[in-house]
Amino acid sequence: MHEKQMGAWEAYKRYWKNGVTFEGRARRKEYWMPQLFHLLFSLIAAALMAIIAAVVFSMSSSPDEVGPGIVLLPLIYFGIILFSLATYIPTLAVSVRRMHDIGKSGWWVLLPIVGPFVIGSAMMILNVILLSSSSYQEIAPSPVVMILPAIMVLIMLGISIWFLVLTVQDSQPGTNKWGMNPKDPKSPDRPMNMLTMEQERRMHEFYRQQEREERSLY
C-alpha cells in the first residue's frame, strides 16, 4: 500500500487546522514539523533582539542614554510570549494525537508536564524536612542533600528522553481505536469524532476485504 505523502508546510497547516482537536491520530511529521518551525521562529526572534540591542547600545553616547529603538526589545519579547501562549493548546493537542498514533493513551503527555512539578515539589518538601531536623551547617555536607537533587534531575531527564522516544516512533499499522493510520491514502485530513471513527473503521474494513478479494483472483 502506498504511503500518504505530507509536505512540511502541509504538516504545519494541519497543526493549526486541528489545533483544538484531541481525537484521532497524528503522524511523526505532523508533530515534528511544527516543533522545527517554532524553533526556527524562536532563533530568528532571539537573533533579532540581539541585533537590535547591539545596534541601540552601540549608537548611545553613554550606558544611561539609549535610543528609541530600545522599545522594540520588549515588543519582540511580548510577541514571543503571545506566540508561546497561542501554540500551547495546539501543541498539547498534536501531542495527544501523536500518542494515539502509536497506540497509547493521550494522558501520557501529562507525564513530562506534571512530572517535573511533582518531583520539584517532593524535593522542596524533603529539603524543608531535612532543614527543620537540624541546623544547615550539619545538613550541608550530608550525602542525602548532595545526591537528592542530582537524582531528581536524572529522573526528569529520563522522563524527557522517554517521551522523546515515544514521539519518534512510527505510526501503528492499520486502524486502532483512535482512527485510521494517517499514512493510509484513504485516511481523512481531519481527525474524526468517535461516531464517525466507527463508520470510518467499517469503511476501512470494507476496503481491506475488497483488496483481499482482488488478490485472491490472481
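Quick caveat, the model's predicted, so the values are computed rather than measured.
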Testing Gln169, Arg25, Arg28 one by one against Ile102 for a side chain to side chain contact (heavy atoms under 4.5 Å, CB included), which residue passes?
Gln169
Atom pair [atom1] ([X]) and [atom2] ([Y]), whose distance is rounded to the nearest 0.5 Å:
X	Y	atom1	atom2	result
Thr167	Trp162	OG1	CH2	10.5 Å
Gln35	Leu40	CD	CG	11.5 Å
Trp32	Leu39	CH2	CG	10.5 Å
Ser42	Phe83	OG	CZ	7.0 Å
Asn181	Arg27	CG	CZ	8.5 Å

According to a hydrophobic-cluster definition based on side-chain heavy atoms being under 4.5 Å apart (Ile, Leu, Val, Met, Phe, Trp, Tyr only), do Leu164 and Tyr31 belong together?
yes
Minimum heavy-atom distance between Pro182 and Ala26, given as atom pair plus value:
CG-C, 4.3 Å
Pair Glu10 + Lys13: basic N to acidic O under 4.0 Å
yes
Lys183 bridged to Asp170 by N-O distance under 4.0 Å
yes
Check whether [X] reaches the backbone of [Y] with its side chain - one donor and one acceptor, N or O, closer than 3.5 Å.
X	Y	answer
Asn18	Val94	no
Ser105	Trp107	yes
His100	Gly24	yes

Below 30° counts as parallel, above 60° as perpendicular, anything between as tilted: where do the rings of His38 and Phe41 land?
tilted
For Tyr15 and Thr91, which I'm curious about, is there any donor-acceptor pair between the side chains at under 3.5 Å?
yes
Give the C-alpha distance, both sets of side-chain angles, the deciding distance and a yes or no for side chain to side chain contact (heavy atoms under 4.5 Å, CB included) between Phe22 and Ile89.
CA-CA 10 Å; Phe22 291 82; Ile89 296 299; 4.3 Å; yes
Result of checking Arg98, Lys104, Arg97 against Asp101 for salt bridge (charged side-chain N to carboxylate O under 4.0 Å, His left out):
Arg98
Can Ile52 and Ile76 be said to form a side chain to side chain contact (heavy atoms under 4.5 Å, CB included), step by step?
CA-CA 10 Å; Ile52 292 175; Ile76 296 175; 3.5 Å; yes
Test Met49 against Tyr77 for side chain to side chain contact (heavy atoms under 4.5 Å, CB included), laying out the working first.
CA-CA 8 Å; Met49 291 180 67; Tyr77 184 72; 4.1 Å; yes
